[in-house]
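Structure, as structure tokens:
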Amino acid sequence: MKKVSHEVKELMRELLSEGLSAEGFVFDTAVAAYLLAPTDGSYHLERLAVQYFPQEFAQSGQEILQAKAYLAPDAFSPLGDRAPALGAFASHCAWIEALYGLLAKRLRDLSLNRLFESVELPLCQVLAEMEVAGFLVDRTALEDFGLHLKTRIDEIQREILALAGEEFNINSTQQLGVILFEKLGLPPVKRTKTGYSTSVEVLEKLQGKHPIIDYIMEYRQLAKLNSTYVEGLGKVIGPDGRIHTCFQNTVTATGRLSSTEPNLQNIPVRTALGAKMRYMFVAAPGNVLVDADYSQIELRLLAHIAGDEAMLEAFRSGADIHTSTAAQVFGVPPESVTGEMRRRAKAVNFGIVYGISEFSLAQDIGVTRREAGEYMERYFDTFRGVRAYMYDVVKQARRDGYVQTLMGRRRWLPELQSSNFNLRSFGERVALNMPIQGTAADIMKVAMIRVRDRLLREGHTARLVLQVHDELIVECPEAEAEGVKRLLREEMEGAAQLSVPLLAEASAGKSWGEAKG
DNA sequence: TAGGTCACG
DNA sequence: ACGTACGTGACCTAG
């Protein structure tokens, strides 16, 4: 009998938690529906039944809608009548079976079956294992950090209220706007739908005009760290001292994973204070964390997909891609590239991957629109293959109605047919970006399966604990660290064959912060 | 519940 | 002449 499920990762997690086998599943109706239409948003069984079997659902769909009530815990109490629950369960199974038949055929018709069978389905078990494993947190260090933050938050709060000359809620953008732009008379830089903007870009422009600004910026940073990370994470540490995130595999439009309850894919790193958070994520006694990340995977994919000679050469020569881009764009030898030139070139490189406009580039790096336009012109003069790619991929998307990754993952783009300029422009940027971001996601998923399988095959105790888009973290006994570093690098680098080297770097430490730093 | 803000790749 | 970079999730306030 074939084992088919709806949201099989959830079932696998339960099985693994009970010490049972999670092997042998051949289909997942939710994941299949996601591959067919990754922007649909929800893949509840009821919704899929309505979507794919509207006629039949109208006849008998009510039974499924009642399933939740029937399947509530007390439905199985000795006193309850189990017949309705069993009937609803049978109906649930019947819909899964019907959807299995239809969705499997649709996957084959769109050549998505290989991605499904060799990537998405095997990945479900890897993710279930990671969720069960969890990530150990140093609770004491987290609490100490929280106390330190609170002390400072109180100090700053007093300063802010004193400078404002009245009590108000600093967390309220509305109240803060009134204080800054009415009471203190600072110039409003930008507005939102509902009033004054008080975002960090606005505050940066106001720096030096009033001493309250620096305090507000510091308050925001500390309040975010405390509420989202210290307190938020503290609430979800399990009885085992570990945090068990949920990896969503049917959410993003590009094929990436996401992480919820809690989100472990946005733990701070960019500021020195925030990066302290990563030292709270630790290895169990006697173990270490091995962290490995891809080097410039999206730009390497741009070079590969666009087939751009200049960019291919830059990667083949092992050059620093942002420095190399700066040298081309500013017309100087690489050794004459300044820090500022490299920073701007880096912004151009990111902008290209996102579907740039000169306006946004100008805003991002703080130059005039004209200057930004000149950078882009020189960029496209150098990287002619990239310009051609940008044109071709949008043209193809208009013709076909979708874009796809190297492994055939699709995103439909009805936006390109819109009469609304903004929506159509958005569709064009997505057409540029999705094949790149999505291929990177495909490759990482393949890497995760390879890493997990080889760890098992070679008898390592090591286990994957986290993925952050281009980064993997493994927890392993100290004695295995060197072997695991090598294994991670090899399996990540070997996950795809590109026309440029695909590089991954690995390092180990007692905490996430230590391993990265 | 929606909007603003901000954390990440 | 448009309005202005891709993909996420969590917390807070206001209505």
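Numbers restart at 1 for each chain; the letters A, B, ... are given by sequence-line order, proteins then strands.
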Exercise. Strictly by modelled atom types, are Asp28(A) and His6(A) linked by a side-chain donor-acceptor pair under 3.5 Å?
Worked result: no
Exercise. In whole Å, what is the span from the CG atom of Leu432(A) to the P atom of dC6(C)?
Worked result: 10 Å
For this session: Might you work through the side-chain hydrogen bond (donor to acceptor under 3.5 Å, both in side chains) test for Arg220(A) and Thr198(A), ending with a clear yes or no?
Result: CA-CA 11 Å; Arg220(A) 283 257 176 94; Thr198(A) 66; 2.8 Å; yes
For this session: Using the ring pair (Phe, Tyr, Trp, His ring centres under 6.0 Å) rule, take Tyr379(A) and Tyr375(A) through it: C-alpha gap first, then chi angles, then the decisive distance, then the call.
Result: CA-CA 6 Å; Tyr379(A) 181 95; Tyr375(A) 294 166; over 10 Å; no
Exercise. So what does Ser357(A) hit on the nucleic acid, given a heavy-atom distance under 4.0 Å: a base, only sugar-phosphate, or nothing?
Worked result: base
Exercise. If we take the P atom in both dC6(B) and dG3(C), what is their distance in whole Å?
Worked result: 25 Å
For this session: Using the salt bridge (Lys or Arg N to Asp or Glu O under 4.0 Å) rule, take Lys9(A) and Glu131(A) through it: C-alpha gap first, then chi angles, then the decisive distance, then the call.
Result: CA-CA 10 Å; Lys9(A) 172 175 70 71; Glu131(A) 291 177 4; 2.7 Å; yes
For this session: Could you state the atom-to-atom distance from CG of Asp470(A) to P of dG7(C) in whole Å?
Result: 18 Å
Exercise. For Arg220(A), which contact category applies under a 4.0 Å heavy-atom criterion: base, sugar-phosphate, or nothing?
Worked result: sugar-phosphate
Seminar exercise, completed: With a 4.0 Å cut-off (strictly under) to non-hydrogen atoms of chain A, the first and last hit nts on DNA chain B, 5' to 3', are dG3(B) to dG9(B)
Problem set entry | Arg370(A) and Glu358(A) ion-paired at < 4.0 Å | no
For this session: Could you work out the separation of dT4(C) and dT5(B) based on their P atoms and round it to a whole Å?
Result: 15 Å
For this session: May I ask you to decide if the ring planes of His148(A) and Phe145(A) are parallel, tilted or perpendicular, using 30° and 60° as cut-offs?
Result: parallel
Seminar exercise, completed: Taking every heavy atom of Glu514(A) against every heavy atom of Lys510(A), the minimum-distance pair comes out as OE2-N, 3.4 Å
For this session: Measure from NZ or CZ of Arg191(A) to the centre of the six-membered ring of Tyr196(A), then state whether that distance is under 6.0 Å and the direction lies within 45° of the axis.
Result: no
Exercise. Touch check for Ala347(A), heavy atoms < 4.0 angstrom, all strands: base, sugar-phosphate only, or nothing?
Worked result: base
Exercise. OP1 or OP2 of dG7(C) less than 4.0 angstrom from a side-chain nitrogen or oxygen of Arg256(A), does that happen here?
Worked result: no
Exercise. Reading nucleotides 8-15 of chain C from the 5' end, what letters show protein touch, with B for base, S for backbone sugar-phosphate only, - for no heavy atom under 4.0 Å?
Worked result: SBSSSSS-
For this session: Considering only NZ, NE, NH1 and NH2 on the basic side and carboxylate oxygens on the acidic side, decide whether Arg369(A) and Glu374(A) come within less than 4.0 Å.
Result: no
Exercise. For residues 416-427 of chain A, which residues have at least one heavy atom under 4.0 Å from DNA chain C?
Worked result: Phe421(A), Asn422(A), Phe426(A)
Problem set entry | Check: dT4(C) base within 3.5 Å donor-acceptor of Arg369(A) side chain | yes
For this session: Return the value, rounded to whole Å, for the distance between atom CG of Asn249(A) and atom P of dG7(C).
Result: 19 Å
Exercise. What pairs of residues pass the ring-ring contact (aromatic ring centres under 6.0 Å, His included) test when at least one of them lies in residues 219-276 of chain A, not counting sequence neighbours?
Worked result: none
For this session: Just grab all the side-chain hydrogen bond (donor to acceptor under 3.5 Å, both in side chains) pairs involving residues 384-400 of chain A, residues at least two apart or on different chains.
Result: Arg398(A)-Glu428(A)
For this session: Report which part of the nucleic acid Val353(A) touches: base, sugar-phosphate, or nothing (heavy-atom distance under 4.0 Å, all strands).
Result: nothing
For this session: Could you check how far CZ of Phe359(A) sits from C1' of dA1(C), rounded to whole Å?
Result: 15 Å
Exercise. Rounding to a whole Å, what distance do you find between Leu301(A):CG and dG7(C):P?
Worked result: 17 Å
Exercise. Taking the same atom, P, in dA5(C) and in dG4(B), what whole-Å distance lies between them?
Worked result: 15 Å
Exercise. In terms of side-chain heavy atoms, does Ser295(A) have a donor or acceptor partner in Arg300(A) at a distance below 3.5 Å?
Worked result: yes
Problem set entry | Under the 3.5 Å Watson-Crick or G-U criterion, the dot-bracket string of DNA chain B, with | for inter-strand pairs | |||||||||
Exercise. CD1 of Ile436(A) versus C1' of dA5(C): gap in Å, rounded?
Worked result: 12 Å
For this session: Using a strict 4.0 Å threshold on nitrogen-to-oxygen distance, state whether Arg452(A) and Glu129(A) make a salt bridge.
Result: yes
Problem set entry | Base dA5(C) paired with Asp364(A) side chain (donor-acceptor, <3.5 Å) | yes
Problem set entry | Carboxylate-amine/guanidinium proximity below 4.0 Å for Arg409(A) and Glu120(A) | yes
Problem set entry | Euclidean distance, Asp293(A) CG relative to Arg489(A) CZ, rounded to 0.5 Å | 12.5 Å
